[in-house]
**Student:** 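Please see the structure below; I have some questions.
Predicted model, so just to flag it, every value in this text is computed and none were measured. Sequence lines set the chain letters: A, B, ... in the order given, protein chains first and strands last, and positions in each chain run from 1.
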Number of protein chains: 2
Amino acid sequence: MEAARHVISAPVYTIGELAREFEITTRTIRFYEDEGLLAPTREGRKRLYRRRDRVRLKLILRGKRLGFTLGEIRETFDLYDQAPDGSRQLRYYLGVLDEKREQLNRQRRDLEDALAELEQSYQRCQELLARQEADKSA
Amino acid sequence: MEAARHVISAPVYTIGELAREFEITTRTIRFYEDEGLLAPTREGRKRLYRRRDRVRLKLILRGKRLGFTLGEIRETFDLYDQAPDGSRQLRYYLGVLDEKREQLNRQRRDLEDALAELEQSYQRCQELLARQEADKSA
DNA sequence: GCTTTCGTTTACGTAAACGTAACATATTCA
DNA sequence: TGAATATGTTACGTTTACGTAAACGAAAGC
């Protein structure tokens with residue numbers, strides 16, 4: 001019973017299903033496999049993707065939206081896959097996470113600055129428009 | 001007097017100064033010019049960069065950190081440079097800004113998700129380390 | 001006067017992230 | 001059963017964002 005929970009990794013996807021769901025090409029998915037980002041099982045020659053693979057694909061795409069390269073994304077995967085054991089490893093791991101957090105925080109600051117500036121020009125734009133409408137009706 | 005304010009665009013930078021300040025190569029700066037992202041004035045053959053150019057360079061680098069391509073960055077510059085006049089233009093402009101905001105907001109969500117997950121594994125990691133230290137002293 | 005230093009142009013090279021083409025199986029639906 | 005559809009492999013092409021090298025001019029320090 002205990003074991004069965006892990007054995008049942010029920011939902012399985014074909015490459016085409018994933019491609020449609022995430023609106024990417026099958027070529028792209030295979031490319032990610034070549035790059036070591038995905039490792040689907042095989043049934044004969046066909047690739048079978050399970051929950052874990054789907055999650056990974058999601059993470060890849062999110063990472064890309066955030067501007068990370070596939071190499072950087074793979075590094076984080078490798079990190080997660082290692083499951084560090086020694087306390088030396090753990091400390092190293094914590095350091096890497098710190099750096100990653102720094103990077104993400106900086107990106108957040110950049111993002112908020114950009115959003116603030118966008119709001120400003122949005123407002124200016126609206127005011128201009130309002131003035132034009134007023135002129136028109138006058 | 002009024003006019004003088006605009007004439008005085010005092011601080012002027014050489015390409016090397018900007019390169020050092022932003023920790024990029026002069027090659028990169030010239031490349032941005034080729035791509036139509038910068039337009040420094042010339043003194044003979046030498047490029048002279050002023051405040052406006054410096055601001056632009058800053059925006060380029062921020063855009064890159066956020067994962068935008070140079071093409072996307074140029075588009076926003078072009079948008080800002082146009083200074084829309086007709087109300088038709090203004091409406092279009094507002095639409096573009098809306099899309100941009102949507103994109104940035106989505107990116108912010110992605111970013112916050114990533115940060116939250118990072119915090120989680122950071123904590124798990126710390127707990128593991130604490131346990132190891134406890135074992136060691138036992 | 002000579003050599004760094006900074007700048008210029010032109011040209012070719014490269015890594016990343018796929019797109020596209022070509023061709024071979026395999027299944028499925030009418 | 002024939003055509004359409006999905007999948008596979010291999011290979012070459014393309015765009016982006018620069019790096020690198022060659023070859024030169026002008027100014028600055030010794």
**Student:** Check every atom of dA17(C), dT8(C), dT16(D) against the side chain of T69(B) and return the nucleotide holding the closest atom.
**Tutor:** dT16(D)
**Student:** Between dA15(C) atom P and E72(A) atom CD, what is the distance in whole Å?
**Tutor:** 17 Å
**Student:** Minimum heavy-atom separation for I73(B) and K64(B), please, with both atom names.
**Tutor:** CD1-N, 3.9 Å
**Student:** Tell me: CZ of R27(A) to C1' of dC12(D), nearest whole Å?
**Tutor:** 11 Å
**Student:** Which whole-number value in Å describes the distance from L18(A) CG to dT7(D) P?
**Tutor:** 10 Å
**Student:** Reckon R30(B) touches a base, only the sugar-phosphate, or nothing at all at heavy-atom distances under 4.0 Å?
**Tutor:** base
**Student:** Using whole Å, what does the distance between atom P of nucleotide dG19(C) and atom CD of E23(A) come to?
**Tutor:** 13 Å
**Student:** Taking only N and O in the side chain of Y32(B), is any of them less than 4.0 Å away from OP1 or OP2 of dA17(D)?
**Tutor:** no
**Student:** Do R50(A) and D53(A) meet the salt-bridge criterion of a basic N to acidic O distance under 4.0 Å?
**Tutor:** no
**Student:** Between E117(B) and R124(B), is there a side-chain N and carboxylate O pair less than 4.0 Å apart?
**Tutor:** no
**Student:** Starting the side chain at C-beta, find the nucleotide from dA16(C), dG7(C), dC18(C) nearest to F31(A).
**Tutor:** dC18(C)
**Student:** Can you check the R20(A) CZ to dT7(D) P distance for me, whole Å?
**Tutor:** 7 Å
**Student:** Take the protein atom NZ of K46(B) and the nucleotide atom P of dA27(D), then report the distance between them rounded to whole Å.
**Tutor:** 7 Å
**Student:** Measure across R65(B) and D110(A) and return the closest heavy-atom pair with its distance rounded to 0.1 Å.
**Tutor:** NE-OD2, 2.6 Å
**Student:** Counting only side-chain heavy atoms from C-beta out, which of dG8(D), dA17(C), dT20(D) sits nearest to R45(A)?
**Tutor:** dG8(D)
**Student:** CD1 of I29(A) versus P of dA6(D): gap in Å, rounded?
**Tutor:** 14 Å
**Student:** Looking at T26(B), does any N or O in its side chain come under 4.0 Å of the phosphate oxygens OP1/OP2 on dC6(C)?
**Tutor:** no
**Student:** Could you please spell out the steps behind the side chain to side chain contact (heavy atoms under 4.5 Å, CB included) verdict for E99(A) and Q103(A)?
**Tutor:** CA-CA 6 Å; E99(A) 282 176 30; Q103(A) 191 187 352; over 6 Å; no
**Student:** Does R47(B) place a side-chain N or O at less than 4.0 Å from the phosphate oxygens OP1/OP2 of dT9(C)?
**Tutor:** yes
**Student:** Report yes if a side-chain nitrogen or oxygen of T28(A) is closer than 4.0 Å to either non-bridging phosphate oxygen (OP1 or OP2) of dG19(C); otherwise report no.
**Tutor:** yes
**Student:** Taking 4.0 Å as the cut-off, does a side-chain nitrogen or oxygen of T25(A) come that near to OP1 or OP2 on dG19(C)?
**Tutor:** yes
**Student:** If the threshold is 4.0 Å, N to carboxylate O, is there a salt bridge linking R74(B) and D81(B)?
**Tutor:** no
**Student:** Counting side-chain heavy atoms from C-beta on, which of dC18(C), dA17(D), dG19(D) comes nearest to K64(B)?
**Tutor:** dA17(D)
**Student:** What is the distance, to the nearest angstrom, from the CD1 atom on I15(B) to the P atom on dT9(C)?
**Tutor:** 9 Å
**Student:** With sugar-phosphate meaning primed atoms plus P, OP1 and OP2, does R42(A) contact a base, only sugar-phosphate, or nothing at under 4.0 Å between heavy atoms?
**Tutor:** sugar-phosphate
**Student:** Taking the nucleotide of DNA chain D with the nearest heavy atom to each, does D34(A) or E17(A) sit closer to the 5' end?
**Tutor:** E17(A)
**Student:** For a quick check of understanding: with a heavy-atom distance under 4.0 Å over all strands, which category does T14(A) fall into, base, sugar-phosphate or nothing?
**Tutor:** sugar-phosphate
